[in-house]
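Chain letters run A, B, ... following the sequence lines, proteins first and then strands; every chain starts at 1.
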Amino acid sequence: MKRTHKCREVTRDLIGKEISVSGWIHRRRDHGGVIFFDLRDEDGLVQVVYNPESKAMFSLAETCRNEYVIFSKGEVRERPEGTANDNLLTGQVEIIASDLEIINSSLPTPFQLDEYASVGEETRLKYRFLDLRRSEMQDNLRLRSKVSTALRSHLDKENFVEIETPLLTKATPEGARDYLVPSRTFPGQFFALPQSPQLFKQTLMASGFEKYFQFAKCFRDEDLRADRQPEFTQLDIEVSFADSEEVINLITEMIRRVFKETLSIDLGEFPKISYHEAIEKYGIDKPDLRNPLQLVEVKEIFKDCEFKVFSEPANDKDSRIAAMKVPNGKLLTRKQIDDYTDYVGTYGAKGLAYIRIDDPTKGREGLQSPIIKFIEDPILESLLSILEVKEGDIVFFGAGKNNIVNDSLAALRDLVAKDLDLLTCDWAPCWVVDFPMFEKNKNGDLTPLHHPFTAPNCSIEELIKDPLAALTDAYDVVLNGTELGGGSVRIHDKEMQQTVLNLLRISNDEAEEKFGFLISALQYGCPPHAGLAIGFDRMIMLMTGSESIRDVIAFPKTQTASCLLTEAPGEAALDQLEELHIRFHGLDKEE
RNA sequence: GGACCGGUAGUUCAGUUUGGUUAGAACGCCGCCCUGUCACGGCGGAGGUCGCGAGUUCGAGUCUCGUCCGGUCCGCCA
């Protein structure tokens, strides 16, 4: 009862041979006097024919249903004239069955597994084992495996060492909410699952592993998105004695090679853009460079404008006025523009000003806009000349606080490109570099743009004097508007590390308590080092063209971080909690 | 914490705007027929707590409130 061939191997070469195959019944076609099965195994499909000559076999075939697992023996034959199926790799031949065995039956599946049926995600996740049988999911997970193998092999050739770091570890300061695991042996104490292996990999640098990598599971207890799961995989990399240039070259080469090897895609050059330039031109630090639209800063020309909506931000140092010219924007309907206004509203924008250029030669008369009546002639003229408008263009404006203008126009830029089908190519990678060290959060406190172990490229004295002016050797690799990964040159000096932590209001004592081991390691000859981490799931999501990260993870969580297959999380038994020194207060809805 | 979309047969959906007889369709499932199909075909059939709970009403899938579940986004995610 052992198969001699895989389904996809049953081709012309085997004509006349007696072979056997095993697999799932993908589809059956019962014609009364002859029965066809499309038999499926992991990578192929072949047609098996059951004729009524052998009565026992034929009546057994009549009882078979979709997704039964069967074994069948028979002779490979060229299909009769006119019945070949060119859509099938094995479509020139068929197996004339002489034997059939049902290895396992199947209940009718809760949804159809063929490519023509559409299924809701809830049902798919509940019966994930069936969903994973579908070719789309099979292809996604197989590519995922191919890519991780290619990445490993590339790093191995470059003499990297793969080292695993603990999952039961200590909570780190800042960052995301931790997943906690109670300690049985230390009442009242908790492990945290790592948000990333950052501290361990830096420690490994101090340990003399000059090139480290790991496919690391990371955990962050924050709200989910289409591209965010509470547990996810990072390709984590760190290199001693390396500068940013070296890491960027290494990773560029690695990503290019993997795209070439697994998808036959040439990503071409990875242009470098400074953080400052990215924000100014695209409003975001992960611009989609397939999109030709750009923001233009026009703050200067509105300084003396009577129109308060523009003059106020023009005279405020934390505000900007950005214009986004959409060539041929006249194709946008009034309804679309209204929708855009609502859309930017979700980012905090108070409205969406626009000017439509019907005839650029006619000056004010050739324009359509709800706002130009508030704008003086000289200002309007210089605006139009800066933007070099043409007939049919629409210019959208964002005016207000920097972050609101940037967030809303960056989002609008994506949406308009989608609606007008403006993308100029399939793949557009880039590096975003020269990030500021810190930014101010809404409480006015400093927070690191990257993380608190990123080195500023200035002295301790300069850093203390003007922290917000400090830049870092940090770098993000961006593909099609998705942040694939990011990293930086790290701090390898104790004084600098403490200075940075102090600026973040983390005292030396607190630092000692939270990650004394790293501070300690820095004092025993820690080499300078730099590295980065790639969001592996997101990378596969891009490579497979998936809409959601869930489609490249075998057993993902829902938006509320539950698993519909296993029904995790679940309640713990009282004696388990007892052992862990935990008392549950019950669901208290008051407050 | 917030905004929005959805939940009706096993599945995907229509029906909800404007409350009114027995809640429909397609696919799937079951039965019968069919010897060349390949998303086979024909005939017949079964299958529904309209997510759940209150309320309004003579009457609720449809209106109101609450709640649960799935999704998209904002906040959050160094």
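- With sequence neighbours excluded, no residue forms a ring-ring contact (aromatic ring centres under 6.0 Å, His included) with A:Phe213.
- Checked by distance alone, A:Arg27 brings no side-chain donor or acceptor within 3.5 Å of a matching partner on the base of B:C38.
- Using a 4.0 Å heavy-atom cutoff across all strands shown, A:Thr447 reaches no nucleic acid atom at all.
- Salt-bridge check for A:Arg8 with A:Asp43: passed, with a basic side-chain N closer than 4.0 Å to an acidic carboxylate O.
- A:Asp285 meets the salt bridge (Lys or Arg N to Asp or Glu O under 4.0 Å) test with no other residue; sequence neighbours excluded.
- Applying side-chain hydrogen bond (donor to acceptor under 3.5 Å, both in side chains) to A:Gln202 and the options A:Arg490, A:Glu238, A:His529 leaves one that passes, A:His529.
- Separating the CG atom of A:Asp178 from the C1' atom of B:C77 is a distance of 12 Å, rounded to the nearest angstrom.
- Contacts of residues 105-118 of chain A with RNA chain B (heavy atom under 4.0 Å): A:Pro110, A:Gln112, A:Tyr116, A:Ser118.
- Under 4.0 angstrom from either OP1 or OP2 of B:G75 there lies no side-chain N or O belonging to A:Thr346.
- A salt bridge does not link A:Glu115 with A:Arg134: every distance from a Lys NZ or Arg NE/NH1/NH2 to an Asp or Glu carboxylate oxygen is 4.0 Å or more.
- No contact: A:Arg134 has no heavy atom under 4.0 Å from any strand.
- A:Leu224 comes within 4.0 angstrom of no nucleic acid atom, judged by non-hydrogen atoms across all strands.
- When rounded to the nearest whole Å, the span between CG of A:Asp30 and P of B:C32 equals 11 Å.
- Between A:Phe435 and A:Tyr275, the angle of the ring planes lies from 30° to 60°, which puts this pair in the tilted group.
- Looking at heavy-atom distances under 4.0 Å, A:Ala474 makes no contact with the nucleic acid at all.
- Both A:Ala226 and A:Gln47 sit near RNA chain B, but only A:Gln47 has its closest nucleotide nearer the 5' end.
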Please tabulate the protein-to-nucleotide N/O contacts below 3.5 Å involving nucleotides 6-9 of chain B, giving atom names and distances.
none

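- For B:C77, there is no paired base (Watson-Crick or G-U wobble, both distances below 3.5 Å).
- Taking the P atom of each, B:G24 and B:G48 are spaced 13 Å apart, rounded to whole Å.
- A:Gly348 comes within 4.0 angstrom of no nucleic acid atom, judged by non-hydrogen atoms across all strands.
- Among B:A39, B:U37, B:G75, the nucleotide with an atom closest to any side-chain atom of A:Arg225 is B:G75.
- Spacing of P atoms, B:G42 relative to B:G53, comes out at 41 Å, to the nearest Å.
- Between the CG atom of A:Asp131 and the P atom of B:G70 there is a distance of 16 Å, rounded to whole Å.
- B:G41 and B:C27 have their C1' atoms separated by 15 Å, given to the nearest Å.
- Side-chain to base pairing of A:Arg79 with B:U37: one donor and one acceptor N or O lie within less than 3.5 Å of each other.
- As rounded to the nearest Å, B:C4 and B:C65 have P atoms that lie 12 Å from one another.
- For A:Glu231, the salt bridge (Lys or Arg N to Asp or Glu O under 4.0 Å) partners two or more places apart in sequence, or in a different chain, are A:Lys217, A:Lys557.
- Aromatic pair A:Phe58/A:Tyr50: ring centres not closer than 6.0 Å.
- Look at the C1' atom in both B:G44 and B:C5: the space between them is 40 Å, to the nearest Å.
- You won't find any donor-acceptor pair under 3.5 Å spanning the side chain of A:Arg29 and the base of B:C34, going by distance alone.
- Summarising the base pairing, B:G47 is matched to no nucleotide, lacking a Watson-Crick or G-U wobble pair whose two defining distances lie under 3.5 Å.
- Taken from SG in A:Cys218 to CG in A:Asp236, the straight-line distance is 7.0 Å, to the nearest 0.5 Å.
- Here A:His31 packs flat against the base of B:C40; its ring centre is closer than 5.5 angstrom to the base's six-membered ring, tilted by less than 30 degrees.
- Nucleotide B:U57 is matched to nothing when pairs are restricted to Watson-Crick or G-U wobble geometry with both distances under 3.5 angstrom.
- Remark: the A:Arg65 side chain and the B:C30 base include no donor-acceptor N/O pair separated by less than 3.5 Å.
- Residue A:Thr558 has a polar side-chain atom (N or O) positioned under 4.0 Å from OP1 or OP2 of B:G70.
- Within the 4.0 angstrom heavy-atom criterion, no nucleotide atom of any strand lies near A:Phe453.
- A donor and an acceptor atom never sit less than 3.5 Å apart when one is taken from the side chain of A:Arg550 and the other from the base of B:G71.
- To the nearest 0.5 Å, atoms CD1 (A:Ile491) and CG (A:Leu501) are separated by 7.0 Å.
- In this structure B:G6 sits in a base pair with B:C69, meeting the Watson-Crick or G-U test at under 3.5 Å.
- You'll find the side chain of A:Leu167 reaches within 4.5 Å of the side chain of A:Pro194, heavy atoms only.
- The existence of a salt bridge linking A:Arg40 and A:Asp114 is excluded, since no basic side-chain nitrogen approaches an acidic carboxylate oxygen closer than 4.0 Å.
- Remark: C1' of B:C74 and CD1 of A:Ile404 are 12 Å apart, rounded to the nearest angstrom.
- The nucleotide B:U18 finds no pairing partner, because no Watson-Crick or G-U wobble arrangement with both distances shorter than 3.5 Å includes it.
- Among B:U11, B:G71, B:U37, the nucleotide with an atom closest to any side-chain atom of A:Val119 is B:U11.
- A salt bridge links A:Asp339 with A:Lys335: the closest approach of a Lys/Arg side-chain nitrogen to an acidic carboxylate oxygen falls below 4.0 angstrom.
- The C1' atoms of B:G1 and B:G19 are separated by 36 Å, rounded to the nearest whole Å.
- The gap from the C1' atom of B:A46 to that of B:U64 amounts to 37 Å, rounded to the nearest Å.
- A:Glu439 comes within 4.0 angstrom of no nucleic acid atom, judged by non-hydrogen atoms across all strands.
- Checking B:U11, B:G70, B:U35 against the side-chain heavy atoms of A:Thr560 singles out B:G70 as nearest.
- Protein atom CG of A:Asn406 is 16 Å distant from nucleotide atom C1' of B:C74, rounded to whole Å.
- Rounding to whole angstrom units, CD of residue A:Glu231 and P of B:C77 are separated by 20 Å.
- A:Asp131 has no carboxylate O lying under 4.0 Å from a charged side-chain N of A:Lys126, or vice versa, which leaves the two without a salt bridge.
- Taken residue by residue, residues 214-223 of chain A places heavy atoms nearer than 4.0 Å to RNA chain B at A:Arg220, A:Glu222, A:Asp223.
- Within the 4.0 Å cut-off from OP1 or OP2 of B:U72, at least one side-chain nitrogen or oxygen of A:Gln559 is found.
- Taking the six-membered ring for Trp and the full ring otherwise, the centers of A:Tyr68 and A:Phe37 sit at least 6.0 Å from each other.
- Base pairing analysis places B:G36 opposite nothing; no Watson-Crick or G-U wobble pair with both distances below 3.5 Å involves it.
- The residue among A:Pro448 and A:Tyr343 whose nearest nucleotide of RNA chain B is located toward the 5' end is A:Tyr343.
- Taking the side chain as every heavy atom from C-beta outward, A:Ile519 and A:Gln497 approach each other to under 4.5 Å.
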